[in-house]
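Down below is the structure, laid out as C-alpha cells.
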Amino acid sequence: MIGSYKLKKILIVVLALVVVIESAVLIGKKGGGVNVIDVTLNMSFDGMEKTISGSIGTALSEAVAGIRAGELKEDSIKNMVTGLIHSDFVVNTVMSLSYPLLYQTLVELGMLDFATFMDLYATGPLLAGKLEGKPYTCVDKDGARKPLTEVLNNVGEDWSYMDTKVSYQDESGDTRETTLWNSIQWGVTDEASFFSAMNDMGEGLRGVLEVAMQGKERVINVNVLDVLLKFDKIPFNMDAATIYHASGQSGYALCLVPLFNSLGLDEGDYPSVEEFNGYSAVGDMWKAIFGPVLTLAEKIEDDPVNMLTSMLVNFADLVDTGKFKEYMGHLRLDAEYNKLAAMVMGFSDGLLFNLGDALIEIIEETGLNLSGNFNDLLDSFIKVLTKKEGDMPDMDVAGLVACASQKTLNSGAAVYQADADKVIEFMVNYLMDDQIVSALVNATELGGTPEGDAIIAGVEKSEDGLKQIVNALLPVLLKKLNLAG
C-alpha cells in the first residue's frame, strides 16, 4: 500500500510529466516561427520529440513498475538528461538560434563589415570558411545530402534559406520532413563528439562568447582608407573600437555562476571563474555551460525530493524578485570608439548588444512571460498550453519561500534550502484546486475524456482522490509514450 506522503510525491511527478510530455508534443505539432529582431526561426522539433519520448519513456517505464508495486522507484535522471543534451538536435538548435540573430544584430548596428575583426562569422560563406575540411553534412533544397560547407555557401547572407522544409531519409531509413537546420548531421554519439561539434559550430560566435561570457576585450583595427574609400592598396590602420564588458568582470561570473548556485550547485560542481575566463577553446566554454546540467542531474538522482523542492523555491524567488532577468542582463557587450571612427561612422560609446535580453526575448516570443513575477509566468505557461485566455489562481510565492531557510554555500552565495515536507504540502494544497487541476488537465489531450473527468473529480476526495488521479494518469502516460502493454 502506498503511503499518503509517497502518493503525494508520485502525484506531483506524474502531473509534471503529463505537462512536460504534452508540451513536447504540442511544440512538435506547432511548427511555427519565432520572430526576434525580425529574425524568423523555423526549427522543426520532430527530432527532439522523438528523443524526449525515447528517453523519458525508458526512464518512466522503470519507475512505473515500482509505483504499481507500491514503491517510489527512482529512475535514471542523469541518463535521461544526457540523452537529451548529447545530440545533433541540440547543436542544430543552438546554431539556428544564434547565427540569424547574430547576422541581424550586426546589420542593425551597422557593424557587419567589421565583424570578422572580432571573430564573428555571421554569414553562411564566412562560417563555411571556418568549417572547411570538416566532415559535417546537410540536406540542401534539392533534397540531396551535401557537405555542410556547400549548403552554407548557398545560404549567402539569407539565413532563412535554412528554414526550407525538405523530406529526406534519416539513418534508420525513416522518411523525415523537417527544415534544413535539423537535417545537419554532426555525428554526435557521446560527450566527446558533442562538444567537438559544439566547438566547430560555435567558432563563428567566438567574439560574443569571449566578450559577453569571459569578459575579454577585443580591439577592432581597420584600414581607414579601405573603410572610407574602398581603397586597400595603402595601409592606414587604426584602432577604431574596443569591445568589452562594462562591469569589468564576466557574464559567467555575474550570470551563470549565480544561476548554478540557485539550482543547488556549489564550488567544484562547475568551473571556477578564473578557469572559465582562461579557456581558449570554444568547446571548453560550451562544456562549462552544459556540464553542470549533468552534474545537477546526478544530484537530483541522489536526492530528488530535497533537490527538486529547493530548485522550485529558488527559481520562484529568482523570477518573482526580478533577479533572473537581472542576471541575464549581465551577458552584454559594450563598445568604446575612436573619436574619428565615432565621428565618421556615426557610432557612439555604450552598450553594443545585450545577449541576455535577446535570449529572454526569444523565450518570451513563445508566450512565456519572464519579465513579470512568478504568477505572470504561471499564467503565461497555462495560456501557451491551453491556447486560452484566463489566469491561474495566484500562488503565494512568499508562502512558498517561507517553506525554506537560507543557507550560505562554500562559494559565499546565499540560497534557499527547502524543507521538502513543507514544500510538498504547500504544492499539493495549491495544486488540489479544481480550477488549477482543470487548467492542467485541459492543457493535455485528457481534457473532456473520462480519464480527465476522473482526475478533476478526484481532487475532492482527499487521499482516495490522489490514488484515483494516479491510476487515471498512468495508463494515459504509457499510451502517450507507446509503452502500453
- Message: With side chain to side chain donor-acceptor pair (under 3.5 Å) as the criterion, how do K165 and T178 come out once you've worked through the C-alpha distance, each side chain's angles and the decisive distance to 0.1 Å?
- Response: CA-CA 5 Å; K165 285 194 173 183; T178 186; over 6 Å; no
- Do NZ/NE/NH1/NH2 and the carboxylate oxygens of K299 and D269 come within less than 4.0 Å?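 A salt bridge links K299 with D269.
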Can [X] and [Y] be counted as having a side-chain donor-acceptor contact under 3.5 angstrom?
| X | Y | answer |
| --- | --- | --- |
| N199 | W286 | no |
| E267 | S272 | no |
| Q214 | Y279 | no |
| T179 | N182 | no |

- Task: Measure the spacing between SG of C255 and CE of M328 and express it to the nearest 0.5 Å.
- Result: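 C255 atom SG to M328 atom CE measures 5.5 Å (nearest 0.5 Å).
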- Test log, rule side chain to side chain contact (heavy atoms under 4.5 Å, CB included), inputs M213 and I289: CA-CA 10 Å; M213 299 295 292; I289 295 170; 4.0 Å; yes
- Task: Please collect all side-chain hydrogen bond (donor to acceptor under 3.5 Å, both in side chains) contacts where either partner lies in residues 201-213, sequence neighbours excluded, each pair once.
- Result: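 Found E203-R206, R206-E210, E210-R218.
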- Message: With ring pair (Phe, Tyr, Trp, His ring centres under 6.0 Å) as the rule and sequence neighbours excluded, what pairs involving residues 303-329 come up?
- Response: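 Ring pair (Phe, Tyr, Trp, His ring centres under 6.0 Å) check on residues 303-329 returns no pairs.
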- Item | Inter- and intrachain pairs under ring pair (Phe, Tyr, Trp, His ring centres under 6.0 Å), touching residues 245-274, at least two apart |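 Found Y252-F276, F260-Y270.
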- Message: Holding to ring-ring contact (aromatic ring centres under 6.0 Å, His included), I want the full list of residues that pass it with F374, two or more places apart in sequence or in another chain.
- Response: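 ring-ring contact (aromatic ring centres under 6.0 Å, His included) list for F374, sorted by chain: empty.
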- Can you name the ring-ring contact (aromatic ring centres under 6.0 Å, His included) partners of F290, sequence neighbours left out?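 Per chain and number, F290 pairs via ring-ring contact (aromatic ring centres under 6.0 Å, His included) with F194.
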Of all residues at least two apart in sequence or in a different chain, which pass the side-chain hydrogen bond (donor to acceptor under 3.5 Å, both in side chains) check with [X]?
| X | value |
| --- | --- |
| N314 | none |
| S250 | N277 |
| D158 | S160 |
| Y244 | none |

Among all residues two or more places apart in sequence or in another chain, which pass the salt bridge (charged side-chain N to carboxylate O under 4.0 Å, His left out) test with [X]?
| X | result |
| --- | --- |
| D200 | K134 |
| E217 | none |
| D419 | none |

- Message: Quick check: Y99 with W159 (ring centres under 6.0 Å apart)?
- Response: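 Judged by ring-centre distance (under 6.0 Å), W159 and Y99 do meet the cut-off.
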- Query: Counting distance only, does the side-chain N/O of D349 pair as donor-acceptor with the main-chain N or O of Y337 below 3.5 Å?
  - Reply: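 It does hold such a pair.
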- Task: Answer yes or no: is there a donor N or O on one side and an acceptor on the other, between the side chain of Y430 and the main chain of P393, under 3.5 Å?
- Result: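 Pair found, side chain donor or acceptor close to backbone of P393.
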- Message: Would you say NZ of K216 has more than 12 non-hydrogen atoms from neighbouring residues, nucleotides or ligands within 6.0 angstrom?
- Response: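 Atom NZ in K216 is packed in, count exceeds 12.
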